[in-house]
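Take a look at the structure set out below.
Throughout, a chain's letter reflects where its sequence line sits, starting with A, and its residues are numbered from 1. None of these values were measured; they are calculated from a predicted model.
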There are 2 protein chains.
Amino acid sequence: MTPELRHLRYFVAVAERLSFTVAARELRIAQQSLSQQIVALERALGTRLFDRDTRGTRLTEVGRVFLPEARAVLARADAAVETARRAERGEVGRLHLAFLVSTANYMMPPVVRAFRERYPDVDLVTEAVGIADLVGGLRDGRYDAAFTRPPLVDDLKTVTLVGERVCAVLPTGHPLAGRAELRLADLAGEPWVLTPRGSWEPWHRKYDEDFRAAGFAPRVVQRADGVPSLLGLVAAGVGVTRLARSAHSLRRTGVVFVPLAGERAETVMAWHPGRYRRAVRNLLDVAVGLAAAIDLTEAG
Amino acid sequence: MTPELRHLRYFVAVAERLSFTVAARELRIAQQSLSQQIVALERALGTRLFDRDTRGTRLTEVGRVFLPEARAVLARADAAVETARRAERGEVGRLHLAFLVSTANYMMPPVVRAFRERYPDVDLVTEAVGIADLVGGLRDGRYDAAFTRPPLVDDLKTVTLVGERVCAVLPTGHPLAGRAELRLADLAGEPWVLTPRGSWEPWHRKYDEDFRAAGFAPRVVQRADGVPSLLGLVAAGVGVTRLARSAHSLRRTGVVFVPLAGERAETVMAWHPGRYRRAVRNLLDVAVGLAAAIDLTEAG
DNA sequence: CGGGGGTCACAGGCTCTGACTGTAACCGCC
DNA sequence: GGCGGTTACAGTCAGAGCCTGTGACCCCCG
């Protein structure tokens, strides 16, 4: 037989009271049962732990040595159980987060800082990724949650954290660059630079919709992936584009951001509903709370 | 229910193989029983540890956190059992040793050093005490073993470690101080200094015997307790006395040690038979081995 | 497309163990 | 000598843990 935690608990109880009778009463079992279990433990260890006779019970030398050992095992076991419970509450463990590259800039620092402060024992692993990788990672479990822009896909859940204005991005010196606000239709005759359609279909379907509502189809003179590339092309005078206002922190020379009337861009937290664990919920709470407290599009 | 070590062992087995079927086979129980126990553990912890379906078993995030915890508990338990076994072999624990003051001088350093080297995890507590305290301590368990001189009492076991010559101790310049050897009868007319009879009856009964065999009763002019006191009185010319040869290391001026023909003094290790534990046996082995290897009466 | 081999879960029955009660032996104190 | 205290021994019982039998499902291969 190999000792179980019960035997150690019984042993410690007897050792602390130096009486089978008293210990059994406190353990709420019969003295005979306690004696029996201690004998079983002694046999398993191959040694006597107590000297006992009709006038009482004393620890043997081996028992004296074993007492702190048994206490240590029990304490370690309690700690293990407690850790499991904390893990269940999402207070320890590991969380893989994806940030869309164009949102990583302003979202990642404050969110990560706030979460680390609230849940110091959660090991946060973050990555700035493209939209396709982000969605794929949420679906196959590589990421537990992500911060990105809608629209995504039906099988992912999202909660909107912040909204911000959408701007026309024009080269400095453009005839419309001095306006305080524009409508999308004002840019109907301009040459456009946009991201490749293949980068993320749902986005481009929404773009198509927007342009159709504005009554024109943009003349796309070049496609380039990534906000910095687009800004570079605009600054070079190749064409105009349209971006969320927070992108202006990435390039401040050669381009002008003019708000577009009635258009807003959202940043959302997304996750796979089948993997909605406590830690994800905790992250959502932190992110929502943060969005309510500060302007995340200006942060970072 | 509170988890037992069995549950942790089962959990680790499943987590390592990611298969109930394989783990059960290695644990030599049925897969169904293993499933049952894992479910019980999960209920006790209030959380799922595995995601399982028809195509296999994977750890949940909580399970991943709990796995090293469970391993740690099991390792701690193994260590505790191993410590108990080592304690049973007398390799860890505490040993209280008494040294008769007059033997502490030469016995204690080599014995303690040799034992510490062989059993570094045994906590050795040593004390130099008088003979009455030594015997009392062995009887009531204050000391596990002692190094002393016979005769003692019947209820203590002893093993002789070393024997040495007994000497007449004379003041420098005494008419017999130049002799290479004496017989006790040669000192029949001398004034004697001896220890008080009350110090230890069995010794004095042996002294009486010796003197009777030599054909005289000594004329005791003063009694003093402790070897240094006796040597001081001899050096002062108050009288002569009789001591084991090893005592000469305590005082080399004013006194002369002359061997007595045919008389030997022994040093023994003593213990109470009811408290003969493995550690005591180990100490005995070390002491006997040491006595065979070096001259303990000259050591220290 | 169907069958075989793999997964885990559920249901019912057997065994053994950890618990209980009752009893005995022993010690120390009044 | 009786009483209150200790632990140990013997016999009994309920339930925990394990077993077998079965079912549902998935994947791969022929």
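- Within the 3.5 Å criterion, the main-chain N or O of Glu266(B) finds a donor-acceptor partner in the side chain of Arg149(B).
- Relative orientation of the Tyr207(A) and His204(A) rings is perpendicular, given thresholds of 30° and 60° on the angle between their planes.
- Put simply, Thr57(A) has a side-chain N or O that comes within less than 4.0 Å of OP1 or OP2 on dT7(D).
- In this structure, the CZ atom of Arg43(A) is 10 Å from the P atom of dG18(C), given to the nearest Å.
- The residue Gln32(B) sits close to a base: some heavy atom pair falls under 4.0 Å.
- Note on ring orientation: taking the six-membered ring where Trp is involved, the planes of Phe50(A) and Phe20(A) are perpendicular (angle over 60°, cut-offs 30° and 60°).
- Contact annotation for Tyr10(B): backbone-only contact, meaning every heavy-atom pair under 4.0 Å involves sugar-phosphate atoms and none involves a base.
- Remark: Ser35(B) is in phosphate contact with dA9(C), judged by side-chain N or O atoms under 4.0 Å from OP1 or OP2.
- Taking atom CD1 of Ile29(A) as the reference point, atom P of dA14(D) lies 19 Å away to the nearest angstrom.
- With a 4.5 Å cut-off on side-chain heavy atoms, Tyr10(B) and Leu41(B) do not count as touching.
- Atom CG of Leu34(B) is separated from atom P of dA9(C) by 10 Å (rounded to the nearest Å).
- Comparing dG17(D), dC8(C), dT7(D) by their closest approach to the side chain of Ser19(A) singles out dT7(D).
- When heavy atoms are screened at a 4.0 angstrom cut-off, Arg28(B) is found touching the sugar-phosphate backbone but no base atom.
- To the nearest angstrom, C1' of dC20(C) lies 15 Å from CG of Leu27(A).
- Here Thr21(B) lies in heavy-atom contact (under 4.0 Å) with sugar-phosphate atoms only.
- In the set dT21(C), dT6(D), dT7(C), the nucleotide with an atom closest to the side chain of Ala30(A) is dT21(C).
- Each of Leu18(B) and Gln36(B) was matched to the nucleotide of DNA chain C holding its nearest heavy atom; the match closer to the 5' end belongs to Leu18(B).
- The nearest whole Å value for the distance from the CG atom in Leu41(A) to the C1' atom in dG18(C) is 15 Å.
- Across the protein-nucleic acid pair, Asp51(B) atom CG and dC25(D) atom P stand 19 Å apart, rounded to whole Å.
- One can place CG of Asp53(B) at 21 Å from P of dG23(D), the figure rounded to the nearest angstrom.
- The side-chain heavy atoms of Val280(A) and Leu95(A), taken from C-beta on, include a pair separated by under 4.5 Å.
- OP1 or OP2 of dA8(D) lies within a sub-4.0 Å distance of a side-chain N or O belonging to Arg52(A).
- Counting to the nearest Å, the P atom of dC18(D) and the CZ atom of Arg9(B) are 11 Å from each other.
- Contact annotation: Gln31(A) does not reach the phosphate of dT7(D) (side-chain N/O to OP1 or OP2, under 4.0 Å).
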